[in-house]
Visitor: 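One structure, as structure tokens, below. Some questions next.
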Amino acid sequence: MLSAGPPELGIELGVDATITDDGWLERHLLAPPGLDGPPGILQGGLAAGLAAPIARLVERYRAPLTSIDARLHAPTPLGEPLRALVRSTDEAARYEVETRHGDTRLVSAEVELAGYEPSPRAFDLAELGRSSLPDPVPQHVFPACFICGPEPTHPHGQRMHPRYRRDGAIVQPWVVDPELGDERSVIDPLMISAVLDCPTVWASVDHVYSLGHEGALLAGYHLRLFRDAPVMEPLRVVGRMDDADGAKIRARAVLVDEDGVIYAVVSAFHISVAHLPGRTPVS
């Protein structure tokens, strides 16, 4: 098996691949227990971000990840055999990616591997990243969440408790352990995708609760990368809700340093739900 993202996460892709009748290159995929969002379900930013290492297996030039545009169609179960599919598009450096559980499509995405974007456009969030840090407020809606849960079961669970500004924005510190980076001491993009998901939920949680709902689930994710993000350096994660139409929520998040330099930006589309899904993963 091959590692998808940092080996410490334990996500595996099959070495052997087959070609389907409709031109997909298919491999086995397994996401282990411990990478939860809701119980037994892969955290949304990880589910979307997996498109990058899957696409990387057919990309020959090793260009940095430019972007991921993903739709999440169904929860990704932990601890069960999954399918990872990828095929080239008609555009250079762009790849279609899907993950499936049996015949159920979980995530569909387009990945661009053409080098970093030149000009981030999230200066309002970057400015928030310069502000003083609010106090942490542990949440218990997703207690085992790999990123923001107070009780993650994975040894590298991040325990990034939400920190709320008075205007509802989220500003959190983040220092990444070296084992979650690469040989250049750069944070793996899969970790960046994961860490930028949760703040977009917590920045929107007042609206979710106003509907009488329990939480929100990631349905669409638009990730852009702009430069290498270093491990073991003080970084900030900032999230803000942009607008909401009933259960449909749109929010953004950025990864910045303390000087306001932007490393990555996401736009997230969430669906507020009355009850969160949960399942017991196969051990």
Side-chain angles (χ1 to χ4, degrees), residues 5-6 43-46 48-49 52 64-70 112 115-137 139 145-148 156-178 180-182 184-205 218 220-243 249-270:
Q43 192 257 6
L46 288 174
L65 173 65
T66 308
S67 63
I68 300 173
D69 290 296
E112 183 176 6
Y116 292 135
E117 291 270 14
S119 56
R121 297 179 182 178
F123 299 112
D124 58 326
L125 298 184
E127 188 62 29
L128 288 177
R130 296 171 178 263
S131 63
S132 60
L133 289 170
D135 292 332
V137 181
Q139 57 81 25
C145 178
F146 172 69
I147 294 296
C148 66
H156 290 283
Q158 298 294 288
R159 291 182 173 84
M160 291 184 65
H161 306 314
R163 294 173 181 252
Y164 300 93
R165 284 171 46 97
R166 292 180 181 177
D167 59 3
I170 299 290
V171 182
Q172 298 170 284
W174 194 37
V175 178
V176 181
D177 293 336
L180 298 178
D182 62 17
R184 299 175 299 134
S185 297
V186 170
I187 302 172
D188 192 285
L190 183 57
M191 285 298 302
I192 293 174
S193 181
V195 81
L196 291 179
D197 171 24
C198 295
T200 61
V201 173
W202 300 119
S204 310
V205 76
L218 187 63
Y221 209 49
H222 183 75
L223 169 68
R224 294 287 181 272
L225 298 181
F226 301 98
R227 51 181 48 85
D228 291 341
V231 303
M232 295 303 293
E233 294 290 339
L235 302 173
R236 299 278 179 96
V237 178
V238 182
R240 167 179 276 172
M241 187 181 83
D242 287 328
D243 60 73
I249 298 168
R250 297 190 182 277
R252 289 174 298 139
V254 298
L255 179 63
V256 299
D257 63 19
E258 294 177 334
D259 295 322
V261 175
I262 298 175
Y263 294 90
V265 177
V266 299
S267 297
F269 173 51
H270 292 281

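Bear in mind the structure is a predicted one, so any value in this text is a computation, not a measurement.
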Visitor: Which heavy-atom pair separates V175 from P234 by the least distance, and what is that distance?
Guide: CG2-CA, 3.9 Å
Visitor: Within this structure, what is the CG-CG distance for the pair D188 and L180, rounded to the nearest 0.5 Å?
Guide: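 One finds 8.5 Å between CG of D188 and CG of L180.
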Visitor: Looking at side-chain heavy atoms only, is the closest gap between I187 and V195 below 4.5 Å?
Guide: no
Visitor: Would you give the length of the straight line joining atom CG of L133 to atom CZ of R165, rounded to the nearest 0.5 angstrom?
Guide: 10.5 Å
Visitor: Tell me, please, which residues at least two apart from R130 pass side-chain contact (heavy atoms from CB on, under 4.5 Å).
Guide: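 Scan of R130 (side-chain contact (heavy atoms from CB on, under 4.5 Å), adjacent residues dropped) gives E127.
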Visitor: Run the side-chain donor-acceptor check on residues 221-231: report pairs under 3.5 Å with partners two or more places apart or on a different chain.
Guide:
residue: Y221; atom: OH; partner: S193; partner atom: O; Å: 2.7
residue: Y221; atom: OH; partner: D197; partner atom: N; Å: 3.0
residue: H222; atom: ND1; partner: D69; partner atom: OD1; Å: 2.0
residue: H222; atom: NE2; partner: R224; partner atom: NH2; Å: 3.1
residue: R224; atom: NE; partner: E117; partner atom: OE2; Å: 3.4
residue: R224; atom: NH1; partner: S67; partner atom: OG; Å: 3.4
residue: R224; atom: NH2; partner: D69; partner atom: OD2; Å: 3.4
residue: R227; atom: NH1; partner: I262; partner atom: O; Å: 2.5
residue: D228; atom: OD1; partner: Y116; partner atom: OH; Å: 2.3
residue: D228; atom: OD2; partner: R184; partner atom: NH1; Å: 3.0

Visitor: Main chain of A194, side chain of Q43: is a donor-acceptor contact present, judged purely on distance under 3.5 Å?
Guide: yes
Visitor: Can you check whether W202 reaches H161 side chain to side chain, under 4.5 Å on heavy atoms?
Guide: no
Visitor: Could you tell me which non-hydrogen atom of L218 sits nearest to which non-hydrogen atom of A268, and how far apart they are?
Guide: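 In terms of heavy atoms, the two residues are closest at CD1-CB, 3.9 Å.
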Visitor: For a quick test of reading the model, state the closest non-hydrogen atom pair linking W174 to L255 and the distance between them.
Guide: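 Scanning both residues completely, I find the closest heavy atoms to be CE3-CD1, 3.7 Å.
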Visitor: When you compare the side chain of V205 with that of Y164, does any pair of heavy atoms fall below 4.5 Å?
Guide: yes
Visitor: Looking only at heavy atoms, which two atoms of M241 and R250 are closest? And how far apart?
Guide: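 So the two residues come closest at CG-O, 3.6 Å.
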Visitor: I'd like to know if the side chain of R236 and the backbone of S131 have a donor-acceptor N/O pair within less than 3.5 Å.
Guide: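 Yes, because the side chain of R236 sits within donor-acceptor range (under 3.5 Å) of the backbone of S131.
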Visitor: Locate the shortest heavy-atom distance separating L65 from A52; write the atom from each residue and the value.
Guide: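 For L65 and A52, the tightest heavy-atom pair comes out as CD2-CB, 3.9 Å.
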Visitor: Check whether any side-chain heavy atom of M160 lies under 4.5 Å from a side-chain heavy atom of P199, and answer yes or no.
Guide: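 Counting from C-beta outward, M160 and P199 never come under 4.5 Å.
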Visitor: From I68 CD1 over to E112 CD, what is the distance, rounded to the nearest 0.5 angstrom?
Guide: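 The CD1 atom of I68 sits 11.5 Å away from the CD atom of E112.
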Visitor: Do any pairs count as a side-chain hydrogen bond (donor to acceptor under 3.5 Å, both in side chains) and have a residue in residues 259-268, sequence neighbours left out, and if so which ones?
Guide: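 Applying side-chain hydrogen bond (donor to acceptor under 3.5 Å, both in side chains) to every pair that reaches into residues 259-268, excluding sequence neighbours, yields D257-Y263.
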Visitor: For T200 and R252, indicate whether the former's side chain and the latter's backbone hold a donor-acceptor pair under 3.5 Å.
Guide: no
Visitor: When you measure from the side chain of Q139 to the backbone of C148, do you find a donor-acceptor pair of N or O atoms at a distance under 3.5 Å?
Guide: yes
Visitor: How far does CG of L125 sit from CG of D242, to the nearest 0.5 angstrom?
Guide: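 L125 CG to D242 CG: 7.5 Å, rounded to 0.5 Å.
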Visitor: Carefully, step by step, assess D167 and R240 under the rule side chain to side chain contact (heavy atoms under 4.5 Å, CB included).
Guide: CA-CA 9 Å; D167 59 3; R240 167 179 276 172; 3.6 Å; yes
Visitor: What are the two closest heavy atoms between P162 and I170, and how far apart are they?
Guide: CB-CD1, 4.4 Å
